[in-house]
Undergrad: 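Have a look at the structure that comes next, please.
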Amino acid sequence: MEFSAKQIAAYIQGEIIGDGDATVYTFAKIEEGIPGAISFLSNPKYTPYIYETKASIVLVNKDFVPEHEIKATLIKVDDAYDSLAKLMALYQQGKPRRAGIDPLASVAASAKIGKDVYIGPFACVDEGAEIGDRTALYPHAVVGSGAKIGSDCTLYANVTVYHDCRVGNRCTLHAGSVIGADGFGFAPTPEGYEKIPQIGIAVLEDDVEIGANTCVARATMGATVVHKGVKLDNLVQIAHNDEIGSHTVMASQVGIAGSTKVGEWCMFGGQVGIAGHIHIGDKVHLGAQSGVPSSIKAGRELIGTPPMENRPYFKSRAVFGKLPDMYLELAALRKELDEMKKQIKQ
């Protein structure tokens, strides 16, 4: 399916610079642009490619001013990256949805299956589970007994939603993710570690996306809750009884220990680790590999272990590299001072 620059500009409310009749049928990165592709320029370091790209249409920010001639048709918008996301979402919606239950799928007689649902080969829907309208379960996905999956969800291959857990509407669970496995609860005894039964559930609210091989543990009691709009990258660990606030995002390998509350609109970089039984306020930003041992008030931008403000952190890192030389210098000064003290006593 082809779209013209005029159609695209009307949809994203952009201004056309060039041929309004230029058409595209696919997407491409600006450095890999081909005729018939639409691309975008958001990061200034990619600016040189706009003069060379073979893409037919390029989305740019309104403040972009070309320094040389550009062959592609430009569409100026408030935010090129955001506009591209809208176009890609429209493109994705246009793809035909799969529907029907594969003969190799296992669906319990007591399960409730909505309209236009797709259940792929070797997927399993256990006793009393519910699957909402237009939801897709790809091969080997498992929905445990009593679990409920909302409408317009996608569970990719090998996703497991344990018994009694809840998944809201328009959620995407990528391959290998696990919702509702037991929390890590063990009581030490003289004979070893005694398992504490994890009798709670895990709840994902609407519009949540869970990355591949990410785990959201069930609660010891009550519920582990991931609120609406949360986006978790691959290999993230959310422990038992955590509560993740709406629209928070976490990059790969973030780990949240048990019974911690994370506020709304937080952003955590890769490999951030957060201790248990603490509270992270709203709109907290944590840089990659930050280690958080205690609660953080709302609105802080921190990095490091323990985390500190960005500017002092990077100043400290600059000093850290000089510590070996500073240590030798300090040792020499001490030796010189000791010699001066001896001379004074004489």
Side-chain angles (χ1 to χ4, degrees), residues 173-174 176-188 193 196 198 200-205 207-321 323:
L173 281 61
H174 287 280
S177 58
V178 178
I179 309 301
D182 281 0
F184 194 66
F186 297 90
Y193 292 91
I196 300 172
Q198 307 291 293
I201 63 172
V203 176
L204 309 184
E205 293 186 344
D207 302 301
V208 168
E209 183 154 347
I210 304 294
N213 295 317
T214 283
C215 297
V216 179
R218 71 191 311 112
T220 305
M221 292 180 286
T224 302
V225 182
V226 178
H227 286 289
K228 65 180 181 181
V230 167
K231 315 297 181 187
L232 304 181
D233 197 2
N234 305 332
L235 297 167
V236 170
Q237 164 67 16
I238 306 298
H240 56 189
N241 292 97
D242 283 345
E243 182 177 354
I244 310 301
S246 301
H247 308 294
T248 283
V249 294
M250 302 182 191
S252 180
Q253 298 181 19
V254 167
I256 314 291
S259 299
T260 285
K261 292 188 177 182
V262 176
E264 300 179 351
W265 295 101
C266 292
M267 299 178 69
F268 298 166
Q271 297 186 334
V272 165
I274 297 181
H277 302 274
I278 64 174
H279 181 265
I280 308 299
D282 296 342
K283 298 182 179 179
V284 169
H285 294 184
L286 295 172
Q289 296 189 326
S290 296
V292 181
S294 57
S295 296
I296 298 176
K297 293 180 180 179
R300 304 289 300 279
E301 294 189 12
L302 307 173
I303 189 171
T305 305
M308 63 177 72
E309 299 288 343
N310 291 350
R311 190 176 183 88
Y313 171 80
F314 287 111
K315 284 185 176 181
S316 300
R317 291 299 303 173
V319 172
F320 184 80
L323 286 179

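Count residues from 1 along the sequence.
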Undergrad: Does a donor on one side chain and an acceptor on the other come within less than 3.5 Å for Glu264 and His247?
TA: no
Undergrad: For Leu235, is there any backbone N or O sitting under 3.5 Å from a side-chain donor or acceptor partner on Thr214?
TA: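 Looks like yes, one N/O pair under 3.5 Å.
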Undergrad: Working to the nearest 0.5 Å, report the span between CD1 of Ile303 and CD of Gln289.
TA: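 Interatomic distance, Ile303 CD1 to Gln289 CD, rounded to 0.5 Å: 8.5 Å.
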Undergrad: How far apart are the closest heavy atoms of Ala202 and Ile179, and which atoms are they?
TA: CB-CG2, 3.9 Å
Undergrad: How close do Val272 and Gly287 get, heavy atom to heavy atom, and via which atoms?
TA: CG2-O, 3.3 Å
Undergrad: Considering residues at least two apart in sequence or located in another chain, which fulfil the side chain to side chain contact (heavy atoms under 4.5 Å, CB included) criterion with Ser259?
TA: Asn241, His277
Undergrad: Which pair of heavy atoms, one from His279 and one from Ser295, lies closest together, and at what distance?
TA: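 Of all heavy-atom pairs spanning His279 and Ser295, the closest is N-OG, 3.0 Å.
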Undergrad: Just wondering, are more than 12 heavy atoms of other shown residues or ligands nearer than 6.0 Å to CZ in Phe184?
TA: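 Counting neighbours around CZ of Phe184, 12 or fewer heavy atoms of other residues, nucleotides or ligands fall under 6.0 Å, so no.
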Undergrad: Flag the pair Ile196 / Thr220 as yes when at least one side-chain heavy-atom distance between them is below 4.5 Å, and no otherwise.
TA: yes
Undergrad: Start with the C-alpha distance between Ile274 and Leu286, add both sets of side-chain angles, then the distance that settles side-chain contact (heavy atoms from CB on, under 4.5 Å), and finish with yes or no.
TA: CA-CA 10 Å; Ile274 297 181; Leu286 295 172; 4.1 Å; yes
Undergrad: Looking at side-chain heavy atoms only, is the closest gap between Val230 and Val249 below 4.5 Å?
TA: no
Undergrad: Between Val236 and Phe268, is the side-chain contact (heavy atoms from CB on, under 4.5 Å) condition met? List the steps.
TA: CA-CA 11 Å; Val236 170; Phe268 298 166; over 6 Å; no
Undergrad: Are any side-chain N or O atoms of Ser177 and backbone N or O atoms of Asn213, one a donor and one an acceptor, separated by less than 3.5 Å?
TA: no
Undergrad: Report the distance from atom SG of Cys215 to atom CD1 of Ile238, rounding to the nearest 0.5 Å.
TA: 10.0 Å
Undergrad: Working to the nearest 0.5 Å, report the span between CD1 of Ile244 and SG of Cys266.
TA: 9.0 Å
Undergrad: First locate atom CD1 of Ile280, then atom CD1 of Ile296, and finally report the distance between them rounded to the nearest 0.5 Å.
TA: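 Answer for the CD1-CD1 pair, Ile280 versus Ile296, is 4.0 Å.
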Undergrad: Ignoring hydrogens and geometry, is there a side-chain-to-backbone donor-acceptor pair from Lys231 to Asp207 under 3.5 Å?
TA: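 Indeed, once roles are kept as given, a pair shorter than 3.5 Å links the two residues.
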Undergrad: With a 4.5 Å limit on heavy-atom distance, are the side chains of Pro312 and Lys315 in contact?
TA: no
Undergrad: Of the non-hydrogen atoms in Ala251 and Val254, which two are nearest, and what is the gap between them?
TA: O-CG2, 3.1 Å
Undergrad: Using side-chain heavy atoms (C-beta onward) and a distance below 4.5 Å, is Pro306 in contact with Ser290?
TA: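 Sidechains of Ser290 and Pro306: no contact.
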Undergrad: Using every non-hydrogen atom in the two residues, find where Arg218 and Thr224 come nearest and quote the distance to one decimal.
TA: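 Heavy atoms of Arg218 and Thr224 come nearest at C-OG1, 3.6 Å.
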Undergrad: Mind running side-chain contact (heavy atoms from CB on, under 4.5 Å) on Glu309 and Leu302 for me, showing each step along the way?
TA: CA-CA 5 Å; Glu309 299 288 343; Leu302 307 173; 3.8 Å; yes
Undergrad: Verify, without hydrogens or angle tests, whether Thr260 (side chain) and Ile256 (backbone) share a donor-acceptor contact under 3.5 angstrom.
TA: no
Undergrad: For the pair Arg300 and His285, evaluate side-chain contact (heavy atoms from CB on, under 4.5 Å) and give the outcome as yes or no after the intermediate values.
TA: CA-CA 6 Å; Arg300 304 289 300 279; His285 294 184; over 6 Å; no
Undergrad: Within a strict 4.5 Å, meaning less than it, do heavy atoms of the Phe320 and Leu323 side chains meet?
TA: yes
Undergrad: State, to 0.1 Å, how close Gly258 and Ala239 come at their nearest heavy-atom pair, and which atoms those are.
TA: N-CB, 3.5 Å
Undergrad: If I take atom CD from residue Gln237 and atom CE from residue Met250, how far apart are they, to the nearest 0.5 angstrom?
TA: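 Output value for this atom pair is 11.0 Å.
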Undergrad: Drop me the distance from Leu173's CG to Glu209's CD, to the nearest 0.5 angstrom.
TA: 9.0 Å
Undergrad: Surrounding CE of Met308 (heavy atoms of other residues, nucleotides or ligands, distance under 6.0 Å), is the total greater than 12?
TA: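 Atom CE in Met308 is crowded, with more than 12 foreign heavy atoms closer than 6.0 Å.
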Undergrad: Any chance NZ of Lys228 has more than 12 other-residue heavy atoms, nucleotides or ligands included, within less than 6.0 Å?
TA: no
